[in-house]
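We name chains A, B, ... by the order of the sequence lines, and we start the count at 1 in each one. Just so it is clear, the structure is predicted and the values come from calculations on it, not from any experiment.
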Amino acid sequence: MTLCRGAAMDVYGARILPAKQAREREMTIPRLRFAPSPTGYLHIGGARTALFNWLWARKTGGVFVLRIEDTDTQRNSRESVDAIFTAMRWLGLDWDEGPQDGDDLGGGPHGPYFQSKRLELYRQFADRLIASGHAYRCYATKEEIDAQRMALPEKQRDGFRFVSPWREKTAELDRPHVVRFKTPTTGEVVIDDMVFGAIKTAVSTVQDFILIRENALPLYNFGCVVDDITMGITHVARGRDHIINTTPQILLYQALGEAIPAMAHLPMMMATKSEKLSKRHGAVSVTEYRDQGYLPDGLLSYLVRFGWAHGDDELFRKERLIELFDWSKVSKSDGVYDFKKCRAINQKFLAKMTTDDELRLGVVPFLRARGLAVRDDHPRLADAIRTVRERSETLVAMADALDYYFRAKPEMDEAAAQKFFTAESAVPLQNLSEFAEANVRDRADFEGGFLEEHTRLDALFRAFVAERGLEMKALGQPARVALTGRTASPDLASVMLVLGPAVSALRLREAAERAAASPSATTDGPTTP
RNA sequence: GGUCCCAUCGUCUAGCGGUUAGGACAUCGGCCUCUCACGUCGGUAACACGGGUUCAAUUCCCGUUGGGAUCACCA
């Protein structure tokens, strides 16, 4: 059969109208899915795929299904399933149907949602295909297949396609066998892809692929199609590496007489132009980002721009993404993942896209991880965060920047202490201690907000420095080390304001005492001209 | 090698026939400055190449080159 242009026919003579079928389905309700296999952590590439599916479901009022493709018994684990749940929940990608903790079957009307619990279904569909002549039992052994391959000249072995002697037979023997699809010998499959457009492949390039393995478990392409059909999936969006699978899958839909879902293949995330992104390139597991103090929407803001864009926008909250997302803006070319940019996006997200409350709640676990018993309603927490929020790339960094505010004594950078707590700095530090005691107000006594109070104290601080004939440059670092234990921090007025009068004065006084006991700075001698 | 796909600064991208080709990260320099950041101002930096189509191509078509995906009883 040859294909006539303009009126695409499938290999069984039916018109191919996947787009139209998809449109018809869309008039009901879109159903999308994310179908990871539990072989480890949730990869950020998988998260991107899940996100696109989730966005379309949420945008259209559709249904988002989570299905676990656990037919590779060698590599699956229960921990991986939990890891996927954890990561999805942290990202805020909730599913309407799918497994829940401790409930492998429930979660919706199309369950079970673990492929390993749907084996009977695959059996039924396989029988259906055998009965209709679209599939056959193949009793060929591995040895026979290898023999056929080895009989070929070496150059042709690469693209070897097994031709089974059982293809035309219907005998049912009591011997181990697989079920193979009886791939048509002619024709063309057209994928009507929402991202790539029409992708045409000659059916002759597809071999009689296995539907059901000898161990009765389905192989990916078959399980996937049976599930997508029985779960009523209307849109399939997955990585571009699946394009090769889509051709045999479409053949399956056609043989089964089922509507083909709308397809979207997404560009891949690479580590370099020529390497797939993997663990050795850096953080690829979603939970690693959580642990490093990324915000879910911060990470998602970076991931969504991978193959999709809305002009120059870079920071998105989910609600905005749901509004903006559209398949027509998805690009075709692969991209290289940039950890630095990801971090920078998270920093901007932290600085600009989060409320004080979100930050407060978000940073507390990281503070506790540092051994600081800070509760999220700590009276100084909100002000403290205000002083560091624009300088932190992650919540981990933020917790670090917050450390000295909540420690009885700051962890002292000894090298800095020796450098700055000199005999010369003793008196200025003592004076500043007195200044702090007299001028820094307790939070409860602020007349305006933090900003107004800061303006007031900063002015007083500057006046104090000028009156004493001191220089900011000379006093700044000794005072900073005294107050924070480090050489880098927010401005001193901010620090003192958060610390309050008593603590500020105490830390400065103790530093002054230590300075008084130190030898004078051994520089090049008197600096007087 | 077969089949399929892709191609704008180093990177992510905007652009959908006429633009000084824009933004962000990175990078370089200035400013701000009590430190580190933030911020801010500015610089370097791209349409892979060759043919068409068109009054006009980054944009449409073809080819070349380059890159990627995949060729399992993995998913």
May I ask you to say what [X] touches in the nucleic acid, namely base, sugar-phosphate or nothing, with a heavy-atom cut-off under 4.0 Å?
X: A/S489; answer: base
X: A/L492; answer: base
X: A/S333; answer: sugar-phosphate
X: A/Q347; answer: sugar-phosphate
X: A/F461; answer: nothing
X: A/G307; answer: sugar-phosphate
X: A/R157; answer: nothing

Write down the distance separating the [atom1] atoms in [N] and [M], rounded off to the nearest Å.
N: B/A37; M: B/A69; atom1: P; value: 39 Å
N: B/G17; M: B/U58; atom1: P; value: 13 Å
N: B/A14; M: B/C6; atom1: P; value: 15 Å
N: B/A46; M: B/G39; atom1: P; value: 26 Å
N: B/U44; M: B/G2; atom1: C1'; value: 44 Å
N: B/U33; M: B/C25; atom1: P; value: 23 Å
N: B/U19; M: B/A56; atom1: P; value: 14 Å
N: B/C38; M: B/C5; atom1: P; value: 45 Å

Within this structure, what is the [atom1]-to-[atom2] distance between [X] and [N], rounded to whole angstrom?
X: A/E188; N: B/C4; atom1: CD; atom2: C1'; value: 12 Å
X: A/I199; N: B/C6; atom1: CD1; atom2: C1'; value: 11 Å
X: A/H281; N: B/U11; atom1: NE2; atom2: C1'; value: 15 Å

Base-contact (B) and sugar-phosphate-only (S) positions in nucleotides 58-75 of chain B, heavy-atom cut-off under 4.0 Å, - elsewhere: ---------SBSS--BBB

B/S/- contact track for nucleotides 15-32 of chain B, protein heavy atom under 4.0 Å: S------BBBSS------

Beyond-backbone contact of A/P490 with A/E390, side-chain heavy atoms, under 4.5 angstrom: no

Salt bridge present between [X] and [Y] (N-O < 4.0 angstrom):
X: A/R67; Y: A/E69; answer: yes
X: A/D491; Y: A/R480; answer: no
X: A/K182; Y: A/D208; answer: no
X: A/K329; Y: A/D326; answer: no
X: A/R462; Y: A/D458; answer: yes

Partner nucleotide, any strand, of B/C55 [Watson-Crick/G-U, under 3.5 Å]: B/G18

Mate of B/C31 where both pairing distances stay under 3.5 Å, Watson-Crick or G-U: B/G39

Given RNA chain B, 5'-ward residue of the pair A/S392 and A/Y337, judged by closest heavy atom: A/Y337

Heavy-atom pair with the smallest gap, counting every atom of A/T387 and A/V498: CG2-CG2, 3.9 Å

Output field: ring centroids A/F209/A/F162 closer than 6.0 Å: no

Cation-pi check, A/R48 onto A/F52 ring (under 6.0 Å, within 45° of axis): yes

side-chain contact (heavy atoms from CB on, under 4.5 Å) partners for A/S301, two or more places apart: A/F316, A/I345, A/F349

